[in-house]
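The block underneath contains the structure these notes are about, expressed in structure tokens.
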Amino acid sequence: MRSMQLDRIALVSDVHGNLTALEAVLADISSRGIRRIFNLGDYVGKGPRGSAVVDRCREVCEVNLLGNWDDYLPDPDRQEDREGLRWWKSELREEQWGWLRGLPFSHDFVMSGRQVRLFHASSTSVHRRISFDHDETEYLSFFENTPATGDGPAPSVVGYADIHDPYFEESLGRTLFNTGSVGNSLGDPTPVYVILEGVLDSPEPAPFSIQFVRVPYDAHAELAVARELGMPELDGYEAEILHGVYRTDLYKNTQYGYHRTPPSPGLSTPVD
């Protein structure tokens, strides 16, 4: 029996201005012969080369989605202000501000008979964070149609980003996964992306897989670029890309604040 030809799509997210990590991941994707790349958002902020990352993703990514940083950083009505936010915004070109804020919220497609939906953070907002440590109500909320996602067929597979913490979960006939982060991976700071494999655009059941890929890169070289450019919050960036420690935890001298949900569910934080 002839083996079935399967399609492959690479999913990247949360590059956060880390061009060195992005290029390492793109090289790995290319080496596997994968030509379709979907980006789940957060191109900018935290790292030194958001403008170059935006340009590169516009060049190579077939799908580009909105992230919380992409919406919040160029927002002319943004209330929060600090040196880092001003620096990361001014590093972008003005036309990139509009491109980022105009990105679509979600992307739906069919693969191997499964209805797949991708978005950045949750089904309702790019600013609503749901970590891996969630309850069943939050789990089911990923698969709901909302004003943000539109009224398409309800997904049975959902991939999202935002938390910089890759994981996979199956329950109640549904599949949920998080892509992790290319440029700002926490816990293990090694960049991570996802490969979806199956028969694209086919309503018929067929083999389907979700693979997580870690790609080593020269984080010290990336840090040197940030230092040379005079980027603020350099110590926080070093903690994140060298040690996988969330900069807010570093500055507050706390632990695991990024990875655990506080008592009230559905915490909204604009620029983590």
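These numbers come from the heavy atoms of this one structure, side chains and all, not from hydrogens, waters or symmetry mates.
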Test log, rule salt bridge (Lys or Arg N to Asp or Glu O under 4.0 Å), inputs Glu204 and Arg114: CA-CA 8 Å; Glu204 301 300 321; Arg114 300 164 188 259; over 6 Å; no
Full working for side chain to side chain donor-acceptor pair (under 3.5 Å) between Glu23 and Tyr217: CA-CA 9 Å; Glu23 292 295 359; Tyr217 80 113; over 6 Å; no
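- Test Asn184, Asp42, Thr179 against Ser13 for side chain to side chain donor-acceptor pair (under 3.5 Å) and you get one pass: Thr179.
- Without hydrogens or angle criteria, Asp14 side chain to His164 main chain gives no donor-acceptor distance under 3.5 Å.
- When side chains are defined from C-beta on, Asp165 does not count as touching Leu186, because their heavy atoms never get closer than 4.5 Å.
- When only modelled atom types and interatomic distance are considered, Asp188 and Thr190 share a side-chain donor-acceptor pair under 3.5 Å.
- Hydrophobic clustering, with ILVMFWY side chains joined whenever heavy atoms are under 4.5 angstrom apart, keeps Tyr167 apart from Ile210.
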Stepwise side chain to side chain donor-acceptor pair (under 3.5 Å) test for Glu144 and Ser123: CA-CA 7 Å; Glu144 297 172 350; Ser123 64; 4.9 Å; no
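- By the 4.5 Å heavy-atom criterion applied to side chains, Gln211 and Val194 are not counted as neighbours.
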Trace of the salt bridge (Lys or Arg N to Asp or Glu O under 4.0 Å) decision for Arg35 with Glu62: CA-CA 9 Å; Arg35 290 174 172 77; Glu62 179 180 335; over 6 Å; no
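- A heavy-atom distance below 4.5 Å is found between the side chains of Ile34 and Ile195.
- The residues Arg101 and Asp70 are annotated as not salt-bridged, no charged nitrogen and carboxylate oxygen being separated by less than 4.0 angstrom.
- The 12-atom threshold is not exceeded at NE2 of His220, counting heavy atoms of other residues, nucleotides or ligands nearer than 6.0 Å.
- With contacts defined as side-chain heavy-atom distances shorter than 4.5 Å, the pair Leu118/Phe109 qualifies.
- By the rule that hydrophobic residues join a cluster once side-chain heavy atoms approach within less than 4.5 Å of another member, Val44 and Trp88 end up as members of one cluster.
- A distance-only check finds a donor-acceptor pair linking the side chain of Asn145 to the backbone of Gly152 [under 3.5 Å].
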Step-by-step ring pair (Phe, Tyr, Trp, His ring centres under 6.0 Å) determination, Phe38 to His107: CA-CA 9 Å; Phe38 296 176; His107 181 68; 5.2 Å; yes
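- Residues Glu169 and His134 form a side-chain contact, since some pair of their non-hydrogen atoms from C-beta on lies under 4.5 Å apart.
- Side-chain contact check for His16 versus Glu240: every heavy-atom pair is 4.5 Å or farther apart.
- For Phe208, there are no ring pair (Phe, Tyr, Trp, His ring centres under 6.0 Å) partners two or more places apart in sequence or in a different chain.
- Arg56 places none of its side-chain heavy atoms less than 4.5 Å from the side chain of Val15.
- Heavy atoms from other residues, nucleotides or ligands lying under 6.0 Å from CD of Glu95 number more than 12.
- Salt bridge absent: Arg86 and Glu233 never bring a charged side-chain N and a carboxylate O closer than 4.0 Å.
- Ionic pairing of Glu80 and Arg82 is present here: one or more N-O contacts between side-chain nitrogen and carboxylate oxygen are shorter than 4.0 angstrom.
- Side-chain contact between Leu140 and Glu136 is present, with at least one heavy-atom pair separated by less than 4.5 Å.
- Salt-bridge annotation for Arg128 and Asp162: absent, with no side-chain N of the basic residue lying under 4.0 Å from a carboxylate O of the acidic one.
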Side chain to side chain donor-acceptor pair (under 3.5 Å) evaluation trace for Arg214 with Ser185: CA-CA 10 Å; Arg214 293 275 185 185; Ser185 183; 3.1 Å; yes
Side chain to side chain donor-acceptor pair (under 3.5 Å) evaluation trace for Tyr193 with Asp28: CA-CA 10 Å; Tyr193 75 98; Asp28 187 80; 2.6 Å; yes
